[in-house]
Amino acid sequence: MDALIPILLTIVTAATPLVLAGIGELLVERAGVLNLGVEGMMIMGAVAGFGAAFVTGSPYLGILASIAAGMAMALLFGFLTLTLATNQTATGLAITLLGLGLSGLIGKPFTGQPITRLPNWDGIDILVVFSFLLAGAVSWFLFRSRAGLIVRAVGDNHTSAHTLGYPVIRVRYLAVLFGGACAGLAGGYLSLSYTPQWIEGMTAGKGWIALALVVFASWRPWRLLAGAYLFGAISILAFTVQTFALGIPSQLLSALPYIVTIVALVIISRNRLMLRANTPACLGRPFVPDR
Amino acid sequence: MTPAPKTPPLLEARNLVKAFGPLRANDGVDLTVAAGEIHALLGENGAGKSTLVKMLYGALQPTSGELFWHGEALTIANPAAARALGIGMVFQHFSLFEALTAVENIALALPGDFDLAALSGRIATLSADYGLPLEPSATIADLSVGERQRVEIVRCLLQNPRLLILDEPTSVLTPQEAEQLFITLQRLAAEGCAILYISHRLEEVRRICQRATILRHGKVVAACDPRQETPASLARLMVGGDIHAVRAHRDVAEGPVRLRVHELSLPPDGPFSVALQDISLEVRGGEVLCIAGVAGNGQSELFDALSGERVADYAHAVEIDGLPAGRHGVNWRRKHGAAFVPEERLGHGAVPMFHLSDNVVLTRHAVDHTVAANRRVLRPGARAIADRVIAAFDVRKGKPDPEARALSGGNLQKYVVGREMDRNPGVLVVNQPTWGVDAGAAATIRQALVDLATRGAAVLVISQDLDEIFDIADRIAVIARGELSAAHAARDMTPEMIGLYMAGMDEAAAQAAGEGGHAHP
């Protein structure tokens, strides 16, 4: 039992960035927007959070900076896809590429520098607790509040929502900004707490896993939480097995979470009926109102 | 509730204009609606009815003109403002959210407290009161079209409307469901609610409406009391000329069976799809078999199985001219003389961005060497066929070979039907041949279907339009929940019998109810 608790704690901390980014993207997709820029928003959050903490010496200001950076990227994404109605897939990919490149440029002076780490108790810090509360709050919001019902309505049928008089574009802007804030925060968690340093490309595909988790969870917050912990467990497992030197190539073990992502998506996609019944019907479709 | 003579009308529109670029969808429309009346808005597709009511509901803003509510000038900025005034609207293509429950859908349209449990109680009371049975916690995707309409109506009624707008409400209902709707509407009118009723079913307009305003090309061409008119005189006002009736069909043909379906069953292929159960039918050369039914009862699934877009796992499930076709795809069936016209013309029947001649290639490449040979597309051949179809079916278009999306609905439908007719097929399967098509084009298409049968082809028409079915059918079967009734000679069928089949009653019940009923004129 005593050996188990540290392992569980490692799993929870490994899963936290996935929960934060995944819950944000879940709400975005519920509003009918496919944001493939999660990875880019996350890495911008990581570099901005680290930079702010390095300059000011306060990890809490770092958290605020990472949220702001994620939202700034989300605002750009929203302006392109919502105001200008560009293709969401292409724009999201562009945002990710932009974020990876820009963060490398901004982060050059921070490489190898130390910061004050976010305080924690056996690895549990405020962001870990917050991620758990966030899943509950978003679940309550989506299924118990009028505003959440409006978000689901906009994602299900934007034409009808518009006809009923709901501001589709504004609802989606708010959702995208929320998603950006969550992705930025997830990045901030990585650079301020999980590995408190700046390494170029340190998100290492976690934004993509968060995106896959949303589908895996069939757009439900509690399932996403469970899925994130499952993935956290797999990456910790891969890490632990390496130490036993069983002769399995370490590259293969490091690739394990990504392989599991693909396998999980294939299994989910096989159940077409279930997937189609749960997918927000307007996901990825730009909305252009009549005059 | 009866207004005194000098009381201003509930709603008045004066000289309303709505321009979309150069097109004037509404061009100086005047309309008055009084409290407690059922007022019909008549017109062909594209006459401007939907544009007009969208302006009344605040979903569109007029380019110019004035609106008066209880005699006071106002603008209706958005649908929420219209609902606050007491204007409710039931849309033709429902504005419901399929993934949400009935009570959630209704909550989205109501201001005030967000308490779904209390709202469910109010829904139950009101729906029982008006005879509109409804389960508040049901998900919309699981409901029939008639049930969905009830959700929309209850949603409007909970807002205590002074004016209720209904856009072609009976087009999706069985005759029995329509009767129930008429009772509800008459009760609402008696309580003082005004009803603006859009329809092109002239018989029902004459039955339940006290006044009618008729639109043509965006202008009001007549205002009358429909009870004083005949269907023919109303139709003349709508179209601006006589519609020639479809030439009567010759005696029922005794040709060979050209299309046979034998115990065809298919599982649903999507969450909102219907399973086909044990469907059997035969169509002889020289006859038109019509399959009636309310939308969403397996029509598109049956069409896909007949066309070969979905293959059966049993070769004799579908036979074309005696050949087992069940396990063959659409090209094989085309090569053996069959042709298919799907319901959705833009996107299924034709590719919107392709020119009309390119659209010829899509259904001809496997069967016509003038269009494609040696893996190459022969454009002159395709162009020649396109021109032939355009001439034969009087397809109106702007440029010589436009993209499919540039055509109006009626013209594109004539083109898509004409393209398949041009092959002179032995078997033609067509789904909703005149859905959303104006009266003139509909008459052309129906005549062409009858003529094709006269030349010896087997013609299978899937339709929701009972008038159309009685116009062209030799025999009629009804599809309900994926099951097909036996086919009966059209002269032995009445709309009431079809309605009973639609409701899914067994054959004996339908026969019993049909006894003593009058044959359709």
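Numbers restart at 1 for each chain; the letters A, B, ... are given by sequence-line order, proteins then strands. The analysis underlying the following values was restricted to heavy atoms, covering all of them including side chains, and did not include hydrogens, waters or symmetry mates.
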inquiry  = Distance check, rounded to the nearest 0.5 Å: Leu164(A) atom CG versus Asn78(B) atom CG?
reply    = 11.0 Å

query = When rounded to the nearest 0.5 angstrom, what distance separates OG1 in Thr163(A) from OH in Tyr57(B)?
reply = 8.0 Å

key: Arg146(A) side-chain N/O to Leu108(B) backbone N/O, donor-acceptor pair under 3.5 Å   = no

query = Side chain, backbone, both or neither: which part of Ser145(A) has a heavy atom under 4.5 Å from chain B?
reply = backbone

Portion of Ala153(A) that has a non-hydrogen atom of chain B nearer than 4.5 angstrom = both

ask   = Can you say whether Ile140(B) sits under 4.5 Å from chain A via the side chain, the backbone, both, or neither, judging by heavy atoms?
value = neither

query = Does a side-chain heavy-atom distance below 4.5 Å link Glu98(B) with Asn157(A)?
reply = no

query = Is the CZ atom of Phe143(A) crowded by more than 12 outside heavy atoms at less than 6.0 Å?
reply = yes

remark   = Distance col, row Leu96(B):CG vs Asp156(A):CG, nearest 0.5 angstrom, shows 10.0 Å

